Amino acid sequence: MLVFVARRIALAIVVVVGVIVVTFVVAHVVPGDPAATWAGPHASAAAIARARTFLGLDRPLAVQLISYLGGIASGNWGTSIHTHLSVLSDLMTAAPASLELVITALALAIVVGIPIGLVSARRPGHAIDHLVRAGSILGISMPIFWMALILQLVFSQHLKLLPAAGEYSPGLLFTHPLVKRTGFPVIDSLLGGNLPMLGSTLTHLILPAIVVAAYPAGLIARMVRAQVLDVIGDTHILNARALGFGERQILARFAMKLAWTPVAAAIALVFGYSLVNTFLVESIFDWPGLGSYAAASISTLDTPAILGVTLFVAVAYVVANLVVDVVQAVIDPRIRLR
Amino acid sequence: MQRGWAAASAAGVALALLLAACGGGSTYSNGAGTKPAASTVFTYDTYTQVMVDGWDPATEYSNGIIAMSNMYETLTRYNPVTHTVDPLLATSWSHSPDGLTWTFRLRPGVHFHTGRLMTAQAAKAAILRTKKLNGGAAYIWGAVKSIDTPSQSTMVFHLSYPSPLALQASADYSAYIYDTQAAGSGSLAKWLNAPHDAGTGPYTLQSWNNGKEFEVILKASSTYWGGWKGPHYKKVVFRVVPQDTTAAQLLRAGQVSFVEQMSPTQWKSLQGASGIKLVSSPSWQNLLAQLNAPALSQPIRQAISYATNYPGIVAALSGAAVQSSGIVPAGLFGHFTNLPNYTYDPAKAGRLLNSAGYGPGKKKLNLSLTYTAGDSNEQVVATLLKSSLAKLNVNLTVQPLAWPTQWGKGKSSSPSARQDVFMEYWWPDYADPYSWFVNLLLSEKQPFFNLSYYSNPALDKQINRVESLVATNPSAGSALYRTMQVEVLKQAPIVFLYNTNYQYAMTNTFSGFQVNPAYPNVIFVYNLKP
Amino acid sequence: MIESPTIAPPQAAVPRGRALRQGLAANPLLTVGAAIVLLIVVVAIFAPLIAPFPGDAGTATNPFEVLKAPSAAHWFGTDQVGRDIFSRVLFGARVSPVIAIIVLVIACLVGVPLGVAAGFLGGWVDELIMRVTDVFLAFPPLLLALALAAVLPASLTSVTIAIAAVWWPWYVRLIRGQAASVAGRPYVEACRALGISRLRIIFRHILPNSITPVLVQVSLDVGGVILTASALSFLGLGAQDPVPDWGLMVSEGQRYFTPDWWLVTFPGLVILMTAFAFNLLGDGLRDLLDPKRSFLL
C-alpha cells in the first residue's frame, strides 16, 4: 500500500515539474513587454530598463526557468505585474471564491447526477431513459458562458428571484460585516454566526453553481448509467436477485458500489474541468475568484500571474487526481495490486 | 435510496431559501429595497478599476480622480454654469495687470486628514512637489517661477509668462493640495501608496481592496471644513462592475446609486424604470483617431478623414455621440462651428487615395488600428471605419489592446512597431483648449500623447504662445485657436470621430446632482442630498 | 473527452446495410444527431446562397440599422453595427466545425504515431512518451489552451494551435492501449519470428483495429473542441471581428445583452445545438460500433 502511494506521489511530482516547465515555456512566447506594464504608464525608457532588471527579465531564458523552479519550491511564485503583489498571495486571495463555487457545483452535480443516472439505468430503453440521456448530453454540450447569461437574464432580471452578481449583498458589508477567517464567505459567515450574511452568500451562490454544475451533472449521470448497466448483468447481481433483494436495493448496494470507482475518477476529472469553467462565468457574475484574476492577468500580459494561475489549477488538478487514486486504492484492493 | 436523495435535496433547498429569507432581504427585487442604512451610503458603479495609477495626488492621471476628487481639493473649482472658477481652498484671488503675479487668499481653519493645518506654506510645498515630480498634468504649473507666502493664508505666485492661473488651479489632475509632511521623515510616495490619503476633502480613505469588486470605500471626515449639517452621505463606495448588463440590474435593484457608463441601448431601456433617473449631458470628451503622420502622407490622411461615416457613427451610438466640429468641444472657449470640417464623402476619399497610388482599382493599402479593449463604443467605431475603408480597397486591421499595452505600443521607440491609427479619448486638464494642442499636436522627441508623431514647427510656435495670449488678450487668443484648428484640419493628423455625450443612470433617491464636464465622471458626493 | 480512464473497446465490425439500418432505427438519438450534423454541413456549404445578407459575414455594416429586434427582415435581429445576425450565424457554421476538424486531424496525426510507438515498442520509449503525455493531461484542457492562446496573437489560427496542443494526449493513450494489446498477442510474436517487419504489423494489424475507436473518439470530441474554441473566442483570444465566429458573437453581444437579448441568444443556442448534435452522433456511433455496449436498446 505504502509503495503504491509513494509511487503515485513520485509520479505526481514528476508531472508537476513537467507542468511548470511547459507553462514557463508557453508564457515566454509573450509578445508584449511585461517590464513596460510593471513600470507603469508614465515610465521613461530608463525606468522600463530598471524594471526589466528588477523583474529579472534580462537574464537568459534557461537561467530564468531554473530560478523560477527554485522559487516555486520555496514558495516564491513571482510578483504579479498588474497588482504588484506576490502571485502566491494573489492566488490565495482569489482561490477560495473559485473553490467555493466549484465545490458547491460538484456537490450539486453529484446530488443531481447520481440519482438521475440510477433512474435511467433502471429502465434502459424506455422514454425516461432517452430523456435522461438527452438531458445529460445537453448538459455536457452546454456553452456555459451562454448559460450563465441566459440564467442571469431570466432569473435575475425578469423573474427577480435571484441576485445578479457578487458574492453577497453589499448593504450587509456595513450592517453585518463578514469577518474573514478562511476566505470562504459561506464558511466564514457560519463560523461567525452571521445568519443574514450566510443567507446572502448562499443565494448568491445558486446561479453560478447551477451553471458550473451543468457539465459535471451530465457527465456523472452518463457515467453512473453506463457503469450500472455494465455490471447489472453480472453474476453476483443475478445472484442477489435470486436471493430476493429488491431492485432498488440491488442498485444501491451492489451496482452503485462497483460504479463508484470510475465515477470517483470522473469527479477528479471534472474538478479540474470545472475549476477552469469558472473562469468563463466569473466575469458574468462578478465573482472575485481565479477567473477574474486570470482575465485581468491576460489583458495586462502579466506573465507571472498567468503562469501562477495555470500552475495553481494544474497542481490542484494533479492533487485531486492523486487523492482520488489513493482513496480508490484504499477502497478497492484490485487497484493497488495492479 | 432515491427517495432519500430526493428528500435530502429538497431539505437542502428549503434550508437555503429559508436562510435567504432571513438574510439579504428583498434587495434584488425591484423597488426601494430594504437595505439597512441605505441613505447614508453612496455607491458609485464604475466599469474598470479605479486606482490604477497609484495613490499620489501629484501624479494621478487616470480613472482615480473619481475617488480622489472626494478626498482631495483644489484651490478653485470650475463652475459649468457660470463658466468661471469658484473659490474652494482659496477664497479669493487677483493678478497683476501684466498677468505675471497672482495672489491667492486661502481659507482659514482647513485641516488635512492627517490633522495638520493647511497653511500657505503647506499648499506651496504641495504645488512645488507636484511640479518637481512632473507627472500627470504637472505642466499646468509650468508658468510658475516661484511662490511666496507672506502670511499663513496668502500665496503669491510669480510667473515667467502670463498664464490663467486661477483656471489652471481648478484642474482635474495635478492641482490637489495635500500634506507633504504626512509621512514625517519617511518617503511620502511610499506612505501615499500604502495607501493613505493626505487630503482636505470631505471624505477620507476607509479601505482599499485592490482588484476586488468593492474597491474603494471612503468615510466622512469629521474635521471637514464644510461641516456636516443637513443631509449628507456618510460613506462612499466605489464598486467595480465590468459588465454593464450587471450594472443595470444592480441599479434597478437599488444596490448601486450611480452607474458611470453603459451601452446606449441599455441606458435607453432604463427609461421609465421606477426609481431610476436618466441624465444625458454634453461633455468635453472627444474620441480621436490619431493617424501616423510620418507613415501616412497627407492625401491618405485626408482620404481617411473623408472615409469616416460621421452620421453613421452618431446613428450607431444612439445618443452617446455628437458630431465634432474641429478639435475643441462645444461649451469650451475656442470652439467654433464654422470650421472646414470633413464630411462623409467616399468618392472624394477614393480620389485622394488614387492620387497616392492606392484606393479602388489600384494597390491595396494595409493599415493597422489599435483601440482600448473593453470599450464597446470604440469597438463599434473601429468596425464601422474598417467597413467604410474596405469599400475603398483599404484593409484596416483592428486590434483591441488593454490600455497600458495599447499606449506602450504607441510610444514604442521603433517606428515599425507602431500602429497606423491610434484611437483614444481626450479631455482637457482644465477648462481650456490648450490641453489638446500641447499634448496631441506639439512635436515630441519621444512619443507620449502625440501619437500621430506629428511635427509642424509653425504650429509649435503658435502653441507655445497661445496661452500667454489668452491670458492677456482673450479675443486674440480665440482667433489664434481658430487659425490653429483650420491648419490641423487641413493637415489631418487626427480624425475627430465624435464628441461624447454623457449618459448617466442613477437612482432618484438623492438630489443635487450636477454634471461638471471639467471633472469627467466625477461626482462630488458631499454636494448630494440623500 | 474520454469519460472513463481506460478505453480500449475490442475491435468490432462496422455494421453494413440492414444491420446499419436496424441500428439506426433502434437508436433514435443517433438519428437525431446525424440529421442535425447533416443540416450543419449543408448550411456550411451553402451559406452564401442561403444567407439573406451574405456581405454581413464580412466587412459590410449598416450603422442606421443597429440593434434591431428580430423581425421579418432580420430573423435574428441585427447587431451593434447593423449586421444581420441570421446571416452571420449561418456563415459561422464554416468556422467552428472547421476548427474542430483541423484540431482533431492534427491530434490524430500527432497522437496516433506516438501511441503506436509507445504501445508497440514498449520499454523506455513507452515510459518517456507516457510521462510526457501525463504532463499534458495534467492540465484541464481549457486551461492550457487558455494559457497558450493568451500568449499568442489573438486569431483563429492561434486557437486552433492551442487546442490541438492540448487534445493530442488523449489519442496517444487511446492508441497505446490498442497497440499494447495487439503487441502482446502470440501471433504477433510469431510474425516477428518469421521476420515480418514491425512496420507491416503496425499497418496490417494495429491501425485497422484502431480505426473504430479513433472514429468514435473523434466524433465524441468534436463537440468538446467546438465548446473549447467558442469559449476561447468568448474570452477574446480567438477569432477577431468581423469573422462570424459564434463564441465571438456571444462575447460582443454581452454588452448589449439586456435589453438586446438576440445578440447573445441565437449564436449561443447554435453552439449548444451543434455540440449537442455531435455528441449525440458520437454517442450513437459508439453504441453502434461497440458490441460490448449491450444496452444499445
Side-chain angles (χ1 to χ4, degrees), chain A residues 11 14-16 18-19 21-23 26-31 124-125 130 133-134 137-138 140-147 149-150 153 157 219 222-223 226-227 229 233 262 265-266 269 272-273 275-277 279-280 284 294-295 297-299 301 303 306-307 309-310 313-315 317-318 321, chain C residues 1 3-5 26 28-29 32-33 131-132 134-144 146-148 150-153 223-224 226-227 230-231 234-237 246-247 250-251 253-254 257-258 261 264-265 267-269 271-280 283 292-297:
Chain A
L11 187 64
V14 168
V15 169
V16 167
V19 161
V21 171
V22 168
T23 318
V26 161
H28 278 79
V29 182
V30 169
H130 285 303
R133 282 183 77 185
I137 296 179
L138 201 72
I140 63 173
S141 312
M142 183 69 71
I144 72 163
F145 49 90
W146 179 77
M147 185 183 178
L149 288 170
I150 301 286
L153 178 74
Q157 178 153 56
L219 193 66
R222 276 156 68 77
M223 286 229 67
Q227 293 301 324
L229 284 176
L269 195 113
Y273 198 75
L275 194 54
V276 182
N277 269 351
F279 286 22
L280 296 170
I284 298 171
S297 312
I298 289 172
S299 68
L301 294 180
T303 315
I306 297 176
L307 266 178
V309 172
T310 310
V313 175
V315 169
Y317 186 41
V318 169
N321 273 313
Chain C
M1 290 279 304
E3 290 157 7
S4 48
L29 293 180
V32 170
R131 287 315 129 239
V132 170
D134 279 342
V135 166
F136 277 85
L137 285 173
F139 294 89
L142 183 61
L143 183 70
L144 186 56
L146 191 88
L148 259 173
V151 299
L152 295 170
I226 289 180
L227 283 178
S230 63
F234 173 77
L235 292 172
L237 300 169
W246 296 326
V250 173
S251 167
Q254 250 193 324
F257 185 41
T258 52
W261 54 270
V264 160
T265 308
L269 201 56
I271 297 175
L272 172 61
M273 204 184 74
T274 308
F276 184 63
F278 277 101
N279 276 330
L280 277 182
D283 236 33
K292 192 163 176 274
R293 304 278 171 172
S294 54
F295 49 87
L296 177 67
L297 299 168

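Nothing here was measured: the structure is a model prediction, and the numbers come from that model. Within every chain, numbering begins at 1; the chains are lettered A, B, ... in the order of the sequence lines, protein sequences first and strands thereafter.
C/Trp261 pairs in a side-chain contact (heavy atoms from CB on, under 4.5 Å) with only one of the listed residues (A/Ile150, A/Leu149, A/Leu153), which is A/Leu153.
Contact of C/Phe276 with chain A is made through backbone and side chain together, with heavy-atom distances under 4.5 Å. With a threshold of 4.5 angstrom between heavy atoms, C/Thr265 approaches chain A through its backbone and through its side chain. Contact of C/Trp246 with chain A is not made at all, since no heavy-atom distance falls under 4.5 Å. Both the backbone and the side chain of C/Leu269 come within less than 4.5 Å of a heavy atom of chain A.
Within the 4.5 Å cutoff, the side chain of C/Ser251 has no heavy atoms near those of the A/Phe145 side chain. The side-chain heavy atoms of C/Arg131 and A/Leu11, taken from C-beta on, include a pair separated by under 4.5 Å.
Residue C/Leu143 holds its CG atom at 6.0 Å from CZ of A/Phe279, rounded to the nearest 0.5 Å. A/Ile144 CD1 to C/Ile271 CD1: the interatomic distance, rounded to the nearest 0.5 Å, is 12.0 Å. Rounded to the nearest 0.5 Å, atoms CG (C/Asp283) and CZ (A/Arg222) are 4.0 Å apart. For the atom pair CD1 (A/Ile137) and CG (C/Asn279), the distance works out to 6.5 Å, reported to the nearest 0.5 Å.
When all heavy atoms of C/Leu272 and A/Ser141 are compared, the pair lying nearest together is CD1-O, 3.6 Å. Here the closest heavy-atom approach between residue A/Tyr317 and residue C/Leu137 is recorded as CE2-O, 3.4 Å. A pairwise comparison of heavy atoms in C/Gly268 and A/Pro143 identifies O-CG, 3.8 Å as the closest pair. Counting all heavy atoms, side chain and backbone alike, C/Ala231 lies closest to A/Leu280 at CB-CD1, 3.7 Å.
Chosen from C/Gly247, C/Pro267, C/Ser230, the residue pairing most often with chain A at heavy-atom distances under 4.5 Å is C/Ser230.
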- Task: Dump the intermediate steps for side chain to side chain contact (heavy atoms under 4.5 Å, CB included) on C/Val264 and A/Trp146, then the final yes or no.
- Result: CA-CA 7 Å; C/Val264 160; A/Trp146 179 77; 3.7 Å; yes
